[in-house]
Student: 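Please see the structure below; I have some questions.
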Amino acid sequence: MENAFSDRINDVPKSFIREILKVTIDASIISFAGGLPNRKFFPVKALQKAAFDVFEEAGNEILQYSNSEGYLGLRQFISDRYRQRDGLDIPVEDILITTGSQQGLDLLGKTFLNEGDDLIIEEPGYLGAIQAFAMYRPRFHPVAVSEGGMDTSQLSQVLGERQPKLLYTVTNFQNPSGISYSDANRRAVADQIRGSSCLIIQDDPYGDLRFSGERKVSFKRIVPENTVLLGSFSKTVAPALRLGWMVAPPPIMDKLVIAKQAADLHSDYLAQRILHRYLCDNDIDAHIATIIAQYGKQKEAMISAIKDYFPAAVQFTNPEGGMFLWITLPEGMSSMTLFEAAIKKKVAFVPGTPFYVDRKDSNTLRLNFSCSDEPTIVEGIRRLGASIKELF
Ligand code: PMP
């Protein structure tokens, strides 16, 4: 049967996280492995009302095929929000509604990557981006990110040796590490990219989930002609809507729309209309404020439990937003071995390995703090601390 499949699909491994999540179905396990927003905050009643209202008012219209670019009202909402939040002037023509920001990654791969093309990815990097781009068989060039942003000397080395078409970044509260690029780091990255043919993809599903610190400058402001933005309603409203967007200048947008048409004609129009109605009738900022308040407390609980229960040699990031933080064990320790020990103590996390393009093992791991309440977080970190001590 193996021969029947394309090289493309044979080369891309199954999502490691999905495999791991199978182990954590056991309800007695405290799981920091998932990457889900907290379901407690889905605006169930308000979405139900929005759905009822649009069915009442425009039932025949909202069930019809629609245009590939997406519902104009929703694109206008996104454009207005960029103006209010970032002072960015983004015309609606530069906005394409996608089936989650995950589809944005696939469309970019389809539009830009030939086999063997060079692509820069963060290390560690978002697993879903590695998987989406791997379908187009590029040559990955990992560049390290840590607290403060991207390693600009590594970046300059890659740019000196290769001509990458794409540079993939998650500049705010990165998945998996929780780190954010400082303004100075963004400017340093932009300085290297400006004038080249490399496109920066700024994937930003977590940017609105900031619980401390200041909002940072967008690549769209400092290097606009080289920037494509990806956004998502998954973490602020609900992931099941599968609605996100991309922002790109006209020549790129023309090609993206072709890729979009070939992929699915358009994103779910019914979902777009319900979401738009929800956004018009409710205060999304008040809703986001509720989410952030809780995630912020959960993050604090995790950080203080880590300080209490982990050996001092273990390093951790302290994110200003988002849903994840990143642990670095002492050199030579294996997070896969730790995973096996931790499961026996009924606590789970994602080992760092799948977030690298070329490693079989690592001393790093990702912890999710959006889905567990504070007492559960403290207990889970206590168990994890005990598992780590066994490895010393
Ligand atoms: N980019 C990043 C960095 C993510 O963490 C995720 C979700 N885990 C996505 C994109 C995809 O999100 P969605 O397709 O739901 O918008």
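Numbering of ligands and ligand atoms starts at 1, following listing order. One-based numbering along the sequence shown.
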Student: With a 4.0 Å cut-off on N to O distance, would you call R85 and D208 a salt bridge?
Tutor: yes

Student: Within the 4.0 Å heavy-atom shell around P205, which atoms of ligand 1 are there?
Tutor: 1 (N), 2 (C), 3 (C), 4 (C)

Student: When you look at E57 and R277, which way does the salt bridge (charged side-chain N to carboxylate O under 4.0 Å, His left out) test go after all the steps?
Tutor: CA-CA 11 Å; E57 286 159 22; R277 185 64 193 240; 2.5 Å; yes

Student: Using the side-chain hydrogen bond (donor to acceptor under 3.5 Å, both in side chains) rule, take S218 and Y82 through it: C-alpha gap first, then chi angles, then the decisive distance, then the call.
Tutor: CA-CA 10 Å; S218 169; Y82 275 121; over 6 Å; no

Student: Using a 4.0 Å heavy-atom threshold (strictly under), name the region of Y206 that reaches ligand 1: side chain, backbone, both or neither.
Tutor: side chain

Student: Classify the contact between K235 and ligand 1 as side chain, backbone, both or neither, using a heavy-atom distance cut-off of under 4.0 Å.
Tutor: side chain

Student: Starting from atom 12 (O) of ligand 1, which protein heavy atom do you reach first, and at what distance in Å?
Tutor: S101 OG, 3.4 Å

Student: Quick one: does NZ or CZ of R39 land under 6.0 Å from the six-membered ring centre of F42, within 45 degrees of the ring axis?
Tutor: no

Student: At a 4.0 Å cut-off, with the gap strictly under it, does some heavy atom of Q174 reach an atom of ligand 1?
Tutor: no

Student: Which of the atoms of ligand 1 are close to S234, meaning less than 4.0 Å from one of its heavy atoms?
Tutor: 13 (P), 15 (O), 16 (O)

Student: Starting from atom 9 (C) of ligand 1, what is the nearest protein heavy atom, named by residue and atom, and what distance separates them?
Tutor: Y126 OH, 3.3 Å

Student: Polar contacts were defined as any N/O atom of the residue lying under 3.5 Å from an N/O atom of the ligand; does this apply to Q102 and ligand 1?
Tutor: yes

Student: Going hydrophobic residue to hydrophobic residue with side-chain gaps under 4.5 angstrom, can you get from I306 over to I179?
Tutor: no

Student: Hey, is G244 one of the residues with a heavy atom under 4.0 angstrom from ligand 1?
Tutor: no

Student: Check whether D117 reaches the backbone of L113 with its side chain - one donor and one acceptor, N or O, closer than 3.5 Å.
Tutor: no

Student: At a 4.0 Å threshold, what atoms of ligand 1 neighbour a non-hydrogen atom of R242?
Tutor: 13 (P), 14 (O), 15 (O)

Student: Show the atoms of ligand 1 that are less than 4.0 angstrom away from any heavy atom in S232.
Tutor: 13 (P), 16 (O)

Student: Would you say T376's side chain and S372's backbone share a donor-acceptor pair under 3.5 angstrom?
Tutor: no

Student: Tell me whether the NZ or CZ atom of R273 lies within the 45° cone about the ring axis of Y71 and under 6.0 Å from its centre.
Tutor: yes

Student: What residue and heavy atom of the protein are closest to atom 3 (C) of ligand 1, and at what distance?
Tutor: D203 OD2, 3.5 Å

